[in-house]
Amino acid sequence: MMRRAVVKGVGHYLPERVVPNAEFEKTLDTSDAWIKARTGIERRHFAAAGETTSDLATHAAKAALAMAGMDGNDIDAIVLATSTADLTFPSAATMVQHNIGNTSGYAFDVQAVCAGFVYALSNANALIMSGQADRVLVIGAETFSRIMDWTDRSTCVLFGDGAGALILEAENGNGDAADRGILSTNLNSDGRYKDLLYVDGGVSTQNTGMLRMEGKEVFRHAVEKLAKTADTALEKVGLGPDDVSWVVPHQANIRIIQATARKLGVEMERVVVTVQDHGNTSAASIPLALSSAITDGKIKQGDLVVTEAIGGGLAWGAVVIRW
Ligand code: UT7
């Protein structure tokens, strides 16, 4: 017998305002055609003035709780992945904790930029495997619209705001790859690549800063590292690409998603794609895609799902889940 972290509910939330590519044509030397062709993005959502990351996260968390048939106090731990928390402290996770009426558990943020959700999932799995928690609410939530340089066409057209949440609960499995739940995780980071993707400010440097990216270089690292981390996570449990029902990748660029799928040996029919509607929502992109795929009836109980993501750090990783 082996403890497993099994998915019991998912939910997501997108801010009301939808911004189509054409809107950027008014202020920048860009076009809907360029953005669509080079990234696959057609629109994204932006949070309203005063709408914060913990607000988006709370909506997603409530939707996941409803699907799981749980209420706030059923949760032992809340792990929230974000790089755009409401305040320097306390964590956005404690704000969500309050909003869902949880007073019995504990909550904290995880910061691994676009890889944040796979980091949060992996750490939530460790909490369950070690017996420190039975039920964990895992959230990815971002308001990247707050850290855009609106004069930089190479970055500001790429990102969007949103949140997704997932609830894990401890169950006993047999300890083999047929078990439901998280079967394996693989996390990596390499701080030598800091200058490829970063925000040029922060608390310790006394300004909020804006996102800076060497897009071409990040692209190159992404395809190679994502395929490898997904392969490694599958190998850990004796599985391969043919066993995969769905790849749910970080949604940064359709060309990265396609090239990674090709390298991994999974055809696009088995890849969940939401980048056209959400843009890159950083740590929110995977739970948003997972929740959309559930809503669309794609992912079903028993399916083998592989998530993979890379972002600033560089930090990257993959999680293999039997749904
Ligand atoms: O989530 C974290 C991970 N991040 C990523 O995965 C992002 C990875 N990178 C990318 O997705 C792509 O590199 C970009 C979408 C950022 C850029 O696409 P690209 O095909 O690598 O284009 P590029 O940077 O090579 O730029 C090609 C041309 C340049 O013009 P010149 O130098 O050839 O005259 C850019 O200035 O496209 C120009 N360009 C634009 N043109 C119109 C850059 N941005 C735009 C734009 N509209 N918005």
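Whatever order the structure lists them in is the order used to number ligands and atoms, beginning at 1.
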Student: Of the choices Phe24, Phe144, Phe219, Trp34, which has the non-hydrogen atom that lies closest to atom 22 (O) of ligand 1?
Tutor: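 Among Phe24, Phe144, Phe219, Trp34, the closest heavy atom to atom 22 (O) of ligand 1 comes from Trp34.
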Student: Would you verify that at least one protein heavy atom lies under 4.0 Å from atom 29 (C) of ligand 1, or report that none does?
Tutor: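 Given the 4.0 Å cut-off, atom 29 (C) of ligand 1 does not count as touching protein heavy atoms.
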Student: Could you check whether Asn188 and Asn186, counting side-chain N and O atoms only, form a donor-acceptor pair closer than 3.5 Å?
Tutor: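 Asn188 and Asn186 do have a side-chain donor-acceptor pair below 3.5 Å.
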Student: As an exercise, identify every atom of ligand 1 less than 4.0 angstrom from a heavy atom of Arg255.
Tutor: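 Atoms satisfying the 4.0 Å criterion: 18 (O), 19 (P), 20 (O).
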Student: Charged N to carboxylate O below 4.0 Å: is that the case for Glu269 and Lys298?
Tutor: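 Between Lys298 and Glu269 there is no salt bridge, as every charged N stays at least 4.0 Å from the carboxylate O atoms.
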Student: Measure the distance from atom 2 (C) of ligand 1 to every protein heavy atom, then report the residue, atom name and distance (to 0.1 Å) of the closest one.
Tutor: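 Result for atom 2 (C) of ligand 1: Cys114 SG, 3.3 Å.
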Student: Could you tell me which atoms of ligand 1, counted from 1 in the order shown, lie closer than 4.0 angstrom to a heavy atom of Thr39?
Tutor: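 Numbered from 1, ligand 1 contributes 15 (C).
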Student: Tell me which pairs pass side chain to side chain donor-acceptor pair (under 3.5 Å) where either residue lies in residues 213-227, with sequence neighbours left out.
Tutor: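 Sorted result for residues 213-227: Glu217-Arg220, His221-Lys225.
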Student: Do Glu51 and Leu56 pass the side chain to side chain contact (heavy atoms under 4.5 Å, CB included) test, and can you show the C-alpha distance, the side-chain angles, and the key distance before you say yes or no?
Tutor: CA-CA 8 Å; Glu51 193 175 32; Leu56 309 187; 3.7 Å; yes
Student: What side chain to side chain donor-acceptor pair (under 3.5 Å) pairs are there with at least one residue in residues 117-141, not counting sequence neighbours?
Tutor: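 Listed once each, the pairs are Arg3-Asp134, Ser122-Thr185, Ser130-Gln132, Arg135-Glu169.
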Student: Give the atoms of ligand 1, by number and element, whose distance to some non-hydrogen atom of Val218 is under 4.0 Å.
Tutor: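 Within the 4.0 Å cut-off of Val218, ligand 1 contributes 3 (C), 4 (N), 5 (C), 6 (O).
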Student: For atom 16 (C) of ligand 1, which protein heavy atom lies nearest, and how many Å away is it?
Tutor: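 Protein heavy atom with the smallest distance to atom 16 (C) of ligand 1: Leu158 CD1, 3.8 Å.
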Student: Just to confirm, does any protein heavy atom lie below 4.0 Å from atom 20 (O) of ligand 1?
Tutor: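 So atom 20 (O) of ligand 1 has protein heavy-atom neighbours under 4.0 Å.
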Student: Would atom 36 (O) of ligand 1 count as contacted, meaning some protein heavy atom under 4.0 Å?
Tutor: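 So atom 36 (O) of ligand 1 has protein heavy-atom neighbours under 4.0 Å.
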Student: Can a salt bridge be assigned to the pair Arg212 and Asp149 using a cut-off of 4.0 Å between side-chain N and carboxylate O?
Tutor: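 Yes.
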Student: Over 60° means perpendicular and under 30° means parallel, so tell me whether Tyr13 and His59 are parallel, tilted or perpendicular.
Tutor: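 The arrangement is parallel - the two ring planes meet at less than 30°.
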Student: Closest by any non-hydrogen atom to atom 24 (O) of ligand 1: pick that one out of Lys216, Arg38, Glu217.
Tutor: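 Among Lys216, Arg38, Glu217, the closest heavy atom to atom 24 (O) of ligand 1 comes from Lys216.
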Student: Judging by distance only, is a nitrogen or oxygen of Arg153 under 3.5 angstrom from one on ligand 1?
Tutor: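 Yes - when backbone and side-chain N and O of Arg153 are compared with those of ligand 1, one distance drops under 3.5 Å.
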Student: State, without any angle test, whether Thr229 and Glu308 hold a side-chain donor-acceptor pair at a distance under 3.5 Å.
Tutor: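 There is no such pair between these side chains.
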Student: Run down the list Asn253, Ile254, Ile256 and name the one with the heavy atom closest to atom 6 (O) of ligand 1.
Tutor: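 The residue whose heavy atom sits nearest atom 6 (O) of ligand 1 is Ile256.
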Student: So that I can tick it off, tell me whether Arg322 and Asp179 are bridged by a salt bridge, with the cut-off set at under 4.0 angstrom between side-chain N and carboxylate O.
Tutor: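 Salt bridge: no.
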Student: When only distance counts, is Val157 in polar contact with ligand 1, meaning an N/O pair under 3.5 Å?
Tutor: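 It does not: no N or O of Val157 is found under 3.5 Å from an N or O of ligand 1.
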Student: Could you check whether any heavy atom of Leu197 sits closer than 4.0 Å to an atom of ligand 1, since that is the contact criterion I want to use?
Tutor: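 Contact present.
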Student: So which protein heavy atom does atom 47 (N) of ligand 1 come closest to, and at what separation?
Tutor: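 Ranking protein heavy atoms by distance from atom 47 (N) of ligand 1, first comes Thr30 OG1, 2.6 Å.
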Student: Taking atom types as modelled, is there a side-chain donor on Ser282 or Glu142 under 3.5 Å from an acceptor on the other?
Tutor: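 Looking only at side-chain atoms, Glu142 and Ser282 do form a donor-acceptor pair, the distance falling under 3.5 Å.
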Student: State plainly whether the residues Lys228 and Glu235 are in salt-bridge range, i.e. N to O under 4.0 Å.
Tutor: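 No.
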Student: Does atom 32 (O) of ligand 1 have any protein heavy atom closer than 4.0 Å?
Tutor: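 Not a single protein heavy atom is under 4.0 Å away.
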Student: Centroid-to-centroid, Phe46 to Trp150, below 6.0 Å?
Tutor: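 Yes, the ring centres sit under 6.0 Å apart.
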Student: If you scan the protein for heavy atoms around atom 45 (C) of ligand 1, do you find one that is closer than 4.0 Å?
Tutor: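 Yes, at least one protein heavy atom sits under 4.0 Å from atom 45 (C) of ligand 1.
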Student: Any atoms of ligand 1 less than 4.0 Å from a non-hydrogen atom of Met213? List them with their elements.
Tutor: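 Those qualifying, in numeric order: 4 (N), 7 (C).
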Student: Go through ligand 1 atom by atom and flag the ones less than 4.0 Å from a non-hydrogen atom of Ala252.
Tutor: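 Contacts of ligand 1 toward Ala252, numbered from 1: 1 (O), 5 (C), 6 (O).
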Student: Would you mind listing which atoms of ligand 1 come within a distance below 4.0 Å of any non-hydrogen atom of Asn280?
Tutor: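 Here the atoms of ligand 1 in question are 1 (O), 2 (C).
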Student: Distance to 0.1 Å, residue and atom name: give those for the protein heavy atom nearest to atom 9 (N) of ligand 1.
Tutor: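 Heavy-atom neighbour on the protein nearest atom 9 (N) of ligand 1: Gly215 O, 3.0 Å.
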Student: Answer with side chain, backbone, both or neither: which part of Ala222 has a heavy atom less than 4.0 angstrom from an atom of ligand 1?
Tutor: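 The answer is neither.
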Student: Side chains of Asp152 and Thr155 only: does a donor on one sit below 3.5 Å from an acceptor on the other?
Tutor: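 Short answer, yes.
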